[in-house]
Amino acid sequence: MSPHIRYEEELNPQQYAVVTAEDGPALVIAGTGSGKTRALTYRVAYLLDKGVDPRSILLATFTNKAAREMLCRVEGLSGEKARSVLGGTFHHIAHLILRARGYRVGIERSFTILDREDAESLINQCIKEFMPSRDKRVPRGEVLAAVFSYGVNMMKNVENVIEERFPHLVEFTDEIKRVATRYQSEKLKNNALDFDDLLYYFFRLLKDCNDLREVYSSRFRYVLVDEYQDTSRIQAEIVDLLSSLHRNIMVVGDDSQSIYSFRGANPDNMFTFLEKYPEASVYKLEINYRSIPEILELANASIQCARKVYPKRLTAVKPSGELPEVVYVSDEFHEARYIADNIVELERDGVPIQEIAVLYRAHYQSMALQMELTRRGIPFEVRSGPRFFEQAHVKDVLAYLRIACNPRDELAWKRVLKLYPGIGSRTADKVWSQISEYPDPLAFFLNNIPTVKQRTGKRSLEHLLQVLKAISTVEMKNNPSAAIAAVINKGYDDYMKTHFVNYQARKDDLNQLVEYARSFPNMEQLLAEMALVSHASADELQESEGARERVILTTIHQAKGLEWDAVFILGLNEGRFPSARALKENPENEEEERRLFYVAVTRARKILKIFIPRASVSRRDVDRLMLKPSRFIQELPPHLYEEVDLSGVFIRNFEEEYDDWSG
DNA sequence: CGCGGAGACCTTTTT
DNA sequence: GGTCTCCGCG
């Protein structure tokens with residue numbers, strides 16, 4: 001077999017050059033739909049075929065799912081050995097190595113990863129302490145954002161963060177500093193790391209421990225990074241440290257698709273790369289294989305309005321098709337009906353339903369459509385909104401396991417304690433203060449029931465003791481599925497019956513969780529995966545990987561890297577998209593919002609329809625609120641799209657719709 | 001001190 | 001609709 005010839009047939013000359021590039025740093029600047037991921041995938045396969053040790057390849061991607069999919073395809077090309085390639089998000093990689101070596105920078109093996117919600121509640125506790133809640137003047141939400149931003153931006157001092165990003169909070173600088181410091185120490189007390197800590201401590205490990213840096217940079221001889229435009233400063237540093245020995249690093253990205261700056265993404269990484277690696281080879285991928293020329297032209301015109309674009313000239317190779325449509329509708333209900341009609345029509349015309357997607361800026365924009373699709377019995381999958389792992393019942397059950405793994409996890413203890421009758425937040429505090437004196441609060445608890453005033457509370461603690469005793473054995477720690485089942489059977493099931501109206505649905509969720517947990521060898525890995533994994537719905541947990549026959553509803557952020565035959569984009573109105581909130585925070589954000597629009601448009605292969613409601617229906621303004629079309633449409637040359645105005649055709653019954661919306 | 005009900009307030013994007 | 005907070009009862 002001569003696999004190289006196969007690559008040559010399947011890749012264009014530019015991509016082929018990327019794949020077979022010699023050792024050394026490489027920057028791939030690639031347009032949308034140009035096969036960036038394909039080039040990366042083939043490069044990994046190429047390396048494996050050349051006989052490179054799979055364990056020496058490190059592949060950093062944006063989501064764990066993306067990494068899995070890529071490695072699956074590599075396995076198809078090069079076989080089994082692909083399984084030994086390490087691939088995942090930076091967080092994932094950091095987590096793996098910190099568990100093994102974190103003690104070098106003061107991290108215990110048994111740390112908990114705080115998800116967004118946990119981190120927020122911890123910060124809120126600290127805020128309460130330094131900024132009394134009575135004081136209405138304190139914008140708590142913004143203080144919270146500032147503390148987060150401090151972590152995300154990895155800046156040395158809080159003052160800088162506040163001055164640069166939250167100038168209106170300058171008067172609270174002292175308090176915010178105290179909150180941030182307290183938050184740090186609370187995390188340490190809890191043996192807990194948040195997402196930013198994961199990266200920060202990993203960075204410190206590589207920076208401070210010369211021997212470890214050498215270990216990893218000599219092990220990972222090939223470092224490949226996808227979506228480089230969305231890496232943060234600290235991630236770029238981590239990549240540099242990991243490849244410091246061999247400088248054998250390949251990064252792939254498209255500056256026009258940088259949409260995660262709110263999370264610290266720094267598109268300038270793309271350009272500073274060349275300063276750091278002047279010897280790098282630069283490849284440009286400018287052929288677009290995805291979209292028909294009409295769609296690509298509209299996308300190009302939109303991104304031309306951006307202030308700063310790296311010059312690229314994307315050319316389409318697909319045959320010409322229909323002009324994208326810009327459709328005016330009366331409101332979101334009309335929008336929903338029209339889209340539902342369109343879906344039915346497309347299906348009749350032979351477009352598979354899973355090849356249709358609806359994209360939007362924010363989750364709430366999908367509500368009207370969800371109702372309409374449900375009413376009509378059109379199958380759909382929502383990929384935005386509340387996540388499976390973040391629902392109360394899932395978090396409750398997992399909190400028991402967190403205690404078993406990390407007995408100093410205060411948040412988990414309090415969450416669990418408060419589930420029991422007779423124990424509220426005061427008693428939970430008291431119990432915690434009694435047991436947290438000891439280095440292993442769990443061991444202490446199992447032998448000494450803390451004293452509480454109420455009799456029901458005491459019975460509850462005895463009950464809790466039984467559950468914790470059952471799940472903290474070595475066998476249970478190595479069988480998370482059984483541990484979860486034990487938590488449910490030993491009382492959580494009863495709790496759900498009395499506390500949730502939708503008992504059955506939640507019970508079903510937990511049964512799925514028990515199944516899902518089977519594939520994990522121990523609790524720690526399960527808990528880490530739950531915290532780090534990107535969006536997973538309850539359905540996705542079941543292994544049915546293949547394309548299911550459903551319309552996809554998703555935020556644009558989550559649609560990154562995906563494509564469909566037909567794409568509908570909702571709510572192209574001023575205030576919604578670009579989001580008023582984003583612009584208020586910083587007018588500069590218009591640029592990123594536009595890139596977001598660009599990403600949305602370029603998900604479509606053949607059919608693109610963009611919707612502009614004329615009026616809004618929302619709780620706040622029961623009156624018709626006139627909406628303006630988005631600047632992202634107005635700035636486009638009109639000949640690039642076909643305008644369809646349906647807003648006068650539809651006579652709507654406002655009262656009926658309103659009842660629907662609220663009920 | 002726990003707990004349920006009433007009412008206020010929110011609703012950008014996510015590893 | 002969903003979540004958080006406050007308040008008053010037991």
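Order of the sequence lines sets the chain letters (A, B, ...), proteins ahead of strands, with each chain counted from 1. Just the heavy atoms: all of them, side chains too, but no hydrogens, waters or symmetry mates, feed the values below.
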d(NE2, A/H363; C1', C/dG2) in whole Å: 11 Å
Toward the 5' end of DNA chain B, by each residue's nearest nucleotide, A/G422 or A/T89: A/G422
No-hydrogen, no-angle side-chain donor-acceptor test under 3.5 Å, A/Q504 and A/D508: yes
d(CD, A/E332; P, C/dG1) in whole Å: 17 Å
Distance in angstrom units between A/D196 CG and B/dT14 C1', rounded: 11 Å
DNA chain B: 5'-proximal contact among A/F195 and A/A428 (nearest heavy atom): A/A428
Presence of A/R361 side-chain N/O under 4.0 Å of B/dT13 phosphate oxygens OP1/OP2: no
Candidates B/dT15, B/dT13, B/dC1 - which lies nearest the side chain of A/A362: B/dT13
B/dT12 pyrimidine/purine six-ring stacking with A/F262, under 5.5 Å and 30°: no
Salt-bridge contact A/E332-A/R576 (side-chain N to carboxylate O under 4.0 Å): yes
Atom pair distance, as rounded to whole Å: CD in A/E120 and P in B/dT14: 14 Å
B/dT14 phosphate, OP1 or OP2, under 4.0 Å from A/T555 side-chain N/O: yes
Atom-to-atom span, CZ of A/F62 to P of B/dT13 - whole angstrom: 15 Å
Sugar-phosphate only, base, or nothing, as touched by A/H92 at under 4.0 Å among non-hydrogen atoms: nothing
Distance below 4.0 Å between A/Q558 side-chain N/O and B/dT13 OP1 or OP2: no
Touch class at under 4.0 angstrom, heavy-atom based, for A/I423 against every strand present: sugar-phosphate
Between P of B/dT15 and CZ of A/F202, the distance in whole Å: 19 Å
Short side-chain N/O contact to B/dC1 OP1/OP2 from A/K430, under 4.0 Å: yes
Where A/R595 and A/I259 come nearest, the two heavy atoms and their spacing: C-CG2, 4.1 Å
A/R263 side chain near B/dT13 phosphate (N/O to OP1/OP2, under 4.0 Å): no
Sugar-phosphate, base or nothing in reach of A/F90, heavy atoms under 4.0 Å: nothing
Sugar-phosphate only, base, or nothing, as touched by A/R581 at under 4.0 Å among non-hydrogen atoms: base
Under-4.0 Å salt bridge between A/R594 and A/E591: yes
Candidates A/I569, A/L608, A/T32 - the one meeting side chain to side chain contact (heavy atoms under 4.5 Å, CB included) with A/R603: A/T32
Phosphate OP1/OP2 of B/dT14: any A/R116 side-chain N/O under 4.0 Å: no
Between P of C/dT3 and NZ of A/K395, the distance in whole Å: 12 Å
Separation of B/dC1 P from A/R426 CZ (nearest whole Å): 5 Å
Salt-bridge contact A/R307-A/E590 (side-chain N to carboxylate O under 4.0 Å): no
